[in-house]
Amino acid sequence: MIDGDTFDVAAQRVRIFGIDAPESKQTCETEQGTTWACGAWVSAQVAALYDGKRAICREEDRDRYDRIVARCEIAGRDVGQQLVSSGLAFAYRKYSMRYDLDEKGAAVNDLGLHGSRVQRPAQYRATQAKGRIPPNRNCVIKGNITKSGYIYHMPGQRDYERTGINEAKGERWFCSQLQARVAGWRKARR
C-alpha cells in the first residue's frame, strides 16, 4: 500500500479506479477548527484494512504517470466502494460515477473524512502547485497580473485556487484588501 488510493499489487503500482483519497501530507480541520493529519490517517486506515492481503485487480485504464488504474477486490469486496462508503476516499466523479451514492451515504452519516472540513484531494493537489501556497499563512490574497491589469483574488472566489503567483513577473501576495488596493490592484469580479 502506497497511500489511500494507490497500492502495489504483484510488483505493479495500481491506482484504484473511481476514487480519490487525501494525499499523505494533506490536513483537515475539525468542526472546532483544530487541524489534523487526515491524509496520514487515511493511509494508516487503508494499510490496516488491506496491507498484506491478496487483491484481484482488473485494469480499467492508465493514468498520465502510466500507472495502472484498476478496479480491485479483496476477499470478494470492491476496494473502491468500501473506501468511499466508509469515508476514507471520495468518489472521483471526473472519471466515474460508480461510487457517487456510496459517497453521499458516507457524507450523510458523517463517516470518516465527512466528519471534518476537508478539501477534495484534486483541489488540494492543485493548490500545491508552484505559486499557489502563500509563504505566510496570514497573507493569502493573490495579486495576479493579467491582460485586464492588476487583479487580486480572495479565498473563495472562482479563480482563487487555480491562480498561481509568479513573483518574477511582479505578482505578489497581500495580507489585506486595503494593502492590495493601496498598491493599485483591483478585486477580481468573480
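Along the sequence shown, residues carry numbers from 1. All values below were derived from every heavy atom in this structure, side-chain atoms included, with hydrogens, water molecules and symmetry-related copies excluded.
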Pair up each side-chain donor or acceptor in residues 134-143 with any protein partner under 3.5 Å, not counting sequence neighbours, and list the distances.
| from | atom 1 | to | atom 2 | distance (Å) |
| --- | --- | --- | --- | --- |
| Asn136 | OD1 | Asn138 | N | 2.8 |
| Lys142 | NZ | Tyr160 | O | 2.7 |
| Lys142 | NZ | Thr163 | O | 2.7 |

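With values rounded to the nearest 0.5 angstrom, Cys72 atom SG is found 8.5 Å from Asp78 atom CG. The distance from the CD atom of Glu60 to the CD1 atom of Ile16 is 11.0 Å, given to the nearest 0.5 Å. Distance check, rounded to the nearest 0.5 Å: CZ of Phe7 to NZ of Lys53 gives 11.0 Å.
Residue Arg15 is tested with Asp61, Asp63, Asp5 for a salt bridge (charged side-chain N to carboxylate O under 4.0 Å, His left out); the sole match is Asp5. Partner of Tyr152 under the side chain to side chain donor-acceptor pair (under 3.5 Å) criterion, chosen from Gln177, Lys187, Arg186: Gln177.
Residues Tyr92 and Val84 do not share a hydrophobic cluster, defined by chaining ILVMFWY side chains whose heavy atoms lie under 4.5 Å apart. Cluster membership for Ile165 and Tyr150, using ILVMFWY side-chain heavy atoms within less than 4.5 angstrom, is not shared. The hydrophobic clustering, which links ILVMFWY residues whose side-chain heavy atoms are closer than 4.5 Å, places Val14 and Ile56 apart.
Between the side chain of Gln26 and the backbone N or O of Glu23 there is at least one donor-acceptor pair closer than 3.5 Å. Between the Gln81 side chain and the Tyr99 main chain, no donor and acceptor come within less than 3.5 Å of each other. In this structure, Ser86 contributes its side chain and Leu83 its backbone to a donor-acceptor pair below 3.5 Å. Of the possible polar contacts, none joining the Glu161 side chain to the Pro155 backbone as a donor-acceptor pair under 3.5 Å is found. Between the Lys104 side chain and the Asp100 main chain, no donor and acceptor come within less than 3.5 Å of each other. Between the side chain of Asn109 and the main chain of Leu111, no donor-acceptor pair closer than 3.5 Å is present. Without hydrogens or angle criteria, Glu103 side chain to Phe90 main chain gives no donor-acceptor distance under 3.5 Å.
The heavy-atom pair separating Val69 from Phe17 by the smallest distance is CG1-CA, 3.7 Å. Across Trp185 and Asn144, no two heavy atoms sit closer than the pair CZ3-N, 3.1 Å. Considering all non-hydrogen atoms of both residues, Val9 and Ala55 come closest at CG1-O, 4.2 Å. Heavy atoms only, all atoms of each residue included: Ala89 and Leu113 are closest at N-CD1, 4.3 Å. Shown here for Gly39 and Pro22, the closest heavy-atom pair between the two residues is CA-CB, 3.9 Å. Across all non-hydrogen atoms, the minimal contact from Gln179 to Cys175 is OE1-N, 2.5 Å.
For Tyr95 and Asp20, the side-chain atoms include no donor-acceptor pair closer than 3.5 Å. Checked by atom type, the side-chain pair Trp36/Thr30 shows no donor-acceptor distance below 3.5 Å.
In this structure, the side chains of Ile68 and Cys57 stay at 4.5 Å or more apart for every pair of heavy atoms. With a 4.5 Å cut-off on side-chain heavy atoms, Ile74 and Arg54 do not count as touching. Put simply, the side chain of Arg190 does not reach to within 4.5 Å of the side chain of His153, judged on heavy atoms. Counting heavy atoms from C-beta on, the side chains of Arg98 and Arg71 come closer than 4.5 Å. Contact annotation: the side chain of Lys25 approaches that of Tyr124 to within less than 4.5 Å [non-hydrogen atoms, C-beta and beyond]. Considering only heavy atoms from C-beta on, Glu29 stays 4.5 Å or farther from Ser116 through its side chain. A heavy-atom distance below 4.5 Å is found between the side chains of Glu73 and Arg58.
Contacts classified as disulfide bond (SG atoms under 2.5 Å apart) and involving residues 4-53 (residues at least two apart or in different chains) are given here: Cys28-Cys38. Judged as a salt bridge (Lys or Arg N to Asp or Glu O under 4.0 Å), the pairs with a partner in residues 171-180 (not counting sequence neighbours) are, in order, Lys169-Glu171.
Counting non-hydrogen atoms of other residues, nucleotides and ligands closer than 6.0 Å to CZ of Arg93 gives a total above 12. Heavy-atom neighbours of Arg181 CZ from other residues, nucleotides or ligands within 6.0 Å: above the threshold of 12.
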